[in-house]
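Below is one structure; the comments refer to it alone.
Atom set for the values below is all heavy atoms of this structure, side chains included, hydrogens, waters and symmetry mates excluded.
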Amino acid sequence: MRKYTALNQDWLFTQDSRTKNIDLPHSWNAMDGQDGGDDYYRGTCVYTKKIAYTPKAGNRLFLEFRGAASEAELAVNGACLCRHEGGYSAFRVDVTEHWKGENTVEVRVSNAPNDYVYPQKADFTFYGGIYRDVYLVEVPAAHFALEQDGTPGITVDARVEETAAQVTVRTEVVGQCDAVRIRIGDLVQEVVAVDGIATARFCIENVRLWNGREDPYLYHACAELVAGGAVVDMVETDFGCRSFRVDPERGFLLNGKEYPLRGVSRHQDRKGVGNAITREMMEEDMQILLEIGATSVRLAHYQHDQYFYDLCDRCGILVWAEIPYITKHMEGGNGNTQSQMRQLITQCRNHPSIICWALSNEICVGGLTEDLLQNH
């Protein structure tokens, strides 16, 4: 079975030849990025960590970064394995072939100005740092997919039809397996992966709808990978069954009923910590939304931590989710815009709270927008 090991403690952080010990999450702009000016440090800093870890023979090892802004270059034992462009989405790297008993992990992170990674101009601070959690993930040779666009390895599509929901669960498999066993409550199917994809279809009768703040009910889907007669890997996700549409006369409709969208726009930072916020801080933000009677939130101007989307699911807050294509269009950034949108949708598509995938609000370039809509 897969195993997650948190790697947040005891990193060496180097900025301008000065090195100190820090724990993650961390931002080097926690102080200078909060005075309202545009003179905060934007450059390259280095995070280094020694790791002693021996996986089970035949297993694969991945490093998982849930947020490193805004560019990250990963090296393991001196070998450069990955470059990730985009400060707000998770990414994973297979480090198996370069892993030893004792290892040195080095991550060069930059928020320096450039003309190819969004955002580069806006009315908020582009905090630098590894500001979300980092994990070492061990999986067997046959496992649910981890790498492509930070996939969760399982996606759920729920379509409401009168009093029932037609639910399709899709899993991505790497390696050889006997079958994939997929469960939603008492409903169970065992299917065979074809070209690395295993799909199961369920009908939930008398479905309980995810109904915003009134009743944010969540179902749970679990997929087990069976190889050699045993379960070797598992992925799971919550999901909700709901329908929505926008009517020019009646406004926003959730499950066929008028549902006024009242809310705010949220950024992911706090005084004194920048964007390296804790789960407790996210919970405080959610509590504020609930106290003011909000029914929706715009998560501006970028991909937020998965935990906050989870909170929106559980609390019934509808979400406008977007990427940081904002203010300044860059000809060299078209590919980055598309990859960030693809990663946003791939990593967040199981959240019933999300009702809108958005670029941003300050600019719109017709050709780019049309291409994104056609391909995603």
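- Within the 4.5 Å cutoff, no side-chain heavy atoms of P352 are placed close to those of Y219.
- In R159, the CZ atom is not crowded: 12 or fewer heavy atoms of neighbouring residues, nucleotides or ligands sit closer than 6.0 Å.
- Hydrophobic clustering (ILVMFWY, side-chain heavy atoms < 4.5 Å, transitive): L318 and I354 are in distinct clusters.
- Interatomic distance, N103 CG to H98 NE2, rounded to the nearest 0.5 Å: 11.5 Å.
- Between H267 and Y302, the ring planes lie tilted relative to each other; the angle falls in the 30° to 60° range.
- Here the side chains of Y4 and F62 are not in contact, with every heavy-atom distance at 4.5 Å or above.
- Here the side chains of R208 and C241 are not in contact, with every heavy-atom distance at 4.5 Å or above.
- In this pair, F126 and Y40 present their aromatic rings perpendicular. The plane angle is above 60°, beyond the 30 to 60° band.
- A distance of 8.5 Å separates CG of N8 from NZ of K49, quoted to the nearest 0.5 Å.
- Counting all heavy atoms, side chain and backbone alike, P260 lies closest to T295 at O-OG1, 2.8 Å.
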Could you give me the CA-CA distance, side-chain angles and deciding distance for R83 and E73, then say whether salt bridge (Lys or Arg N to Asp or Glu O under 4.0 Å) is met? CA-CA 4 Å; R83 180 178 177 83; E73 187 175 279; 3.5 Å; yes
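- In this structure, OG on S353 lies 9.5 Å from CG on L311, to the nearest 0.5 angstrom.
- D39 is not listed as a side-chain neighbour of D32, based on a closest heavy-atom distance of 4.5 Å or more.
- M282 and V134 are members of different hydrophobic clusters when ILVMFWY side chains are connected at heavy-atom separations under 4.5 Å.
- Judged purely by atom type and a 3.5 angstrom limit, N114 uses its side chain to pair as donor or acceptor with the backbone of V117.
- Below 30°, between 30° and 60°, or above 60°: for F124 and H301 the angle between ring planes is below 30°, a parallel geometry.
- Here the closest heavy-atom approach between residue V109 and residue S70 is recorded as CG1-N, 4.5 Å.
- Using a distance-only test at 3.5 Å, with no hydrogens or angles considered, a donor-acceptor pair links the side chain of N111 to the main chain of G43.
- Side chains of Y116 and E71: a donor on one and an acceptor on the other come within 3.5 Å.
- More than 12 non-hydrogen atoms from other residues, nucleotides or ligands lie less than 6.0 angstrom from CD of E280.
- Closest non-hydrogen pair, R250 versus E258, comes out as NE-OE2, 3.3 Å.
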Take D157 and R170, measure what salt bridge (Lys or Arg N to Asp or Glu O under 4.0 Å) needs, and give me the verdict at the end. CA-CA 8 Å; D157 179 28; R170 179 179 181 273; over 6 Å; no
Set out, in order, the CA-CA distance, both residues' side-chain angles and the distance that settles salt bridge (Lys or Arg N to Asp or Glu O under 4.0 Å) for D285 and R270, then state yes or no. CA-CA 10 Å; D285 287 353; R270 283 290 186 93; 3.0 Å; yes
Does the pair T151 and E172 meet the rule for a side-chain hydrogen bond (donor to acceptor under 3.5 Å, both in side chains), with working shown? CA-CA 9 Å; T151 174; E172 305 167 73; 2.7 Å; yes
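- Here the OG1-CZ distance, from T96 to R60, works out to 3.5 Å after rounding to the nearest 0.5 Å.
- Expressed to the nearest 0.5 Å, how far CD1 of I317 lies from CG of L299 amounts to 10.5 Å.
- You'll find the side chain of F308 reaches within 4.5 Å of the side chain of M286, heavy atoms only.
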Candidate pair D313 and D238, rule side chain to side chain contact (heavy atoms under 4.5 Å, CB included), full reasoning: CA-CA 9 Å; D313 291 344; D238 289 334; 5.7 Å; no
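- Across every non-hydrogen atom of G228 and D178, the tightest pair is N-OD2, 2.9 Å.
- Side-chain contact, N59 with E138: a donor N or O sits under 3.5 Å from an acceptor N or O.
- Side-chain atoms of M330 and Q120, non-hydrogen and from C-beta on, do get closer than 4.5 Å to each other.
- Taking the six-membered ring for Trp and thresholds of 30 and 60 degrees, F65 and F91 have nearly parallel ring planes, at less than 30 degrees apart.
- If you check the side chains of Y127 and Q34, you find a donor sitting under 3.5 Å from an acceptor.
- Atom CG of D16 sits in a crowded spot, with more than 12 heavy atoms from other residues, nucleotides or ligands closer than 6.0 Å.
- Q306 places a side-chain N or O within donor-acceptor distance of the main-chain N or O of Q347, the cut-off being under 3.5 Å.
- Between the NE2 atom of H84 and the OG atom of S89 there is a distance of 3.5 Å, given to the nearest 0.5 Å.
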I'd like to know whether N21 forms a side chain to side chain contact (heavy atoms under 4.5 Å, CB included) with L12, so could you lay out the CA-CA distance, the side-chain angles of the two residues, the decisive distance to 0.1 Å, and finally the verdict. CA-CA 5 Å; N21 290 92; L12 287 179; 3.5 Å; yes
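- For Q340 and N336, the side-chain atoms include at least one donor-acceptor pair closer than 3.5 Å.
- A donor-acceptor contact shorter than 3.5 Å is absent between the side chain of R2 and the backbone of H143.
- Other residues, nucleotides and ligands contribute at most 12 non-hydrogen atoms within 6.0 Å of the CZ atom of R349.
- Both I130 and L63 are part of a single hydrophobic cluster, where members link through side-chain heavy atoms under 4.5 Å apart.
- Taking both residues in full, the closest heavy atoms of D233 and A142 are given as CB-O, 4.3 Å, listed atom of the first, atom of the second, then distance.
- Side chain of N211 to backbone of P216: no donor-acceptor contact under 3.5 angstrom is found.
- Under a cutoff of 6.0 Å and an axis angle of 45°, R279 and Y307 form a cation-pi pair.
- Taking a 6.0 Å sphere around CD of Q15, one finds it holds more than 12 heavy atoms contributed by other residues, nucleotides or ligands.
- Looking at T237 and P152, their side chains never come closer than 4.5 Å, going by heavy atoms from C-beta outward.
- Environment of CZ in R108: sparse, with no more than 12 heavy atoms of neighbouring residues, nucleotides or ligands closer than 6.0 Å.
- Under the 30°/60° scheme for interplanar angles, the aromatic rings of H26 and Y47 are found to stand perpendicular.
- V139 and V93 sit in two unconnected hydrophobic clusters of ILVMFWY residues. Membership requires side-chain heavy atoms under 4.5 Å apart, directly or through other members.
- Counting side-chain heavy-atom gaps under 4.5 Å among Ile, Leu, Val, Met, Phe, Trp and Tyr, the cluster of V231 also holds M1, V226, M234.
- Shortest non-hydrogen contact noted between S265 and A300 is OG-CB, 3.3 Å.
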Would you sort out whether V169 and I154 count as a side chain to side chain contact (heavy atoms under 4.5 Å, CB included), showing the intermediate values? CA-CA 7 Å; V169 182; I154 181 172; 3.8 Å; yes
N/O donor-acceptor pairs under 3.5 Å from side chains in residues 186-199, not counting sequence neighbours:
residue: Q189; atom: NE2; partner: R201; partner atom: O; Å: 2.3
residue: E190; atom: OE1; partner: R181; partner atom: NE; Å: 3.0
residue: E190; atom: OE1; partner: R181; partner atom: NH2; Å: 3.2

Using side chain to side chain contact (heavy atoms under 4.5 Å, CB included), reason through I182 and F202 one step at a time and then give a plain yes or no. CA-CA 10 Å; I182 300 175; F202 300 87; 3.8 Å; yes
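- A continuous path of ILVMFWY side-chain contacts below 4.5 Å connects V76 to L61, so both sit in one hydrophobic cluster.
- Looking at heavy atoms from C-beta onward, W28 lies in side-chain contact with F13 at the 4.5 angstrom threshold.
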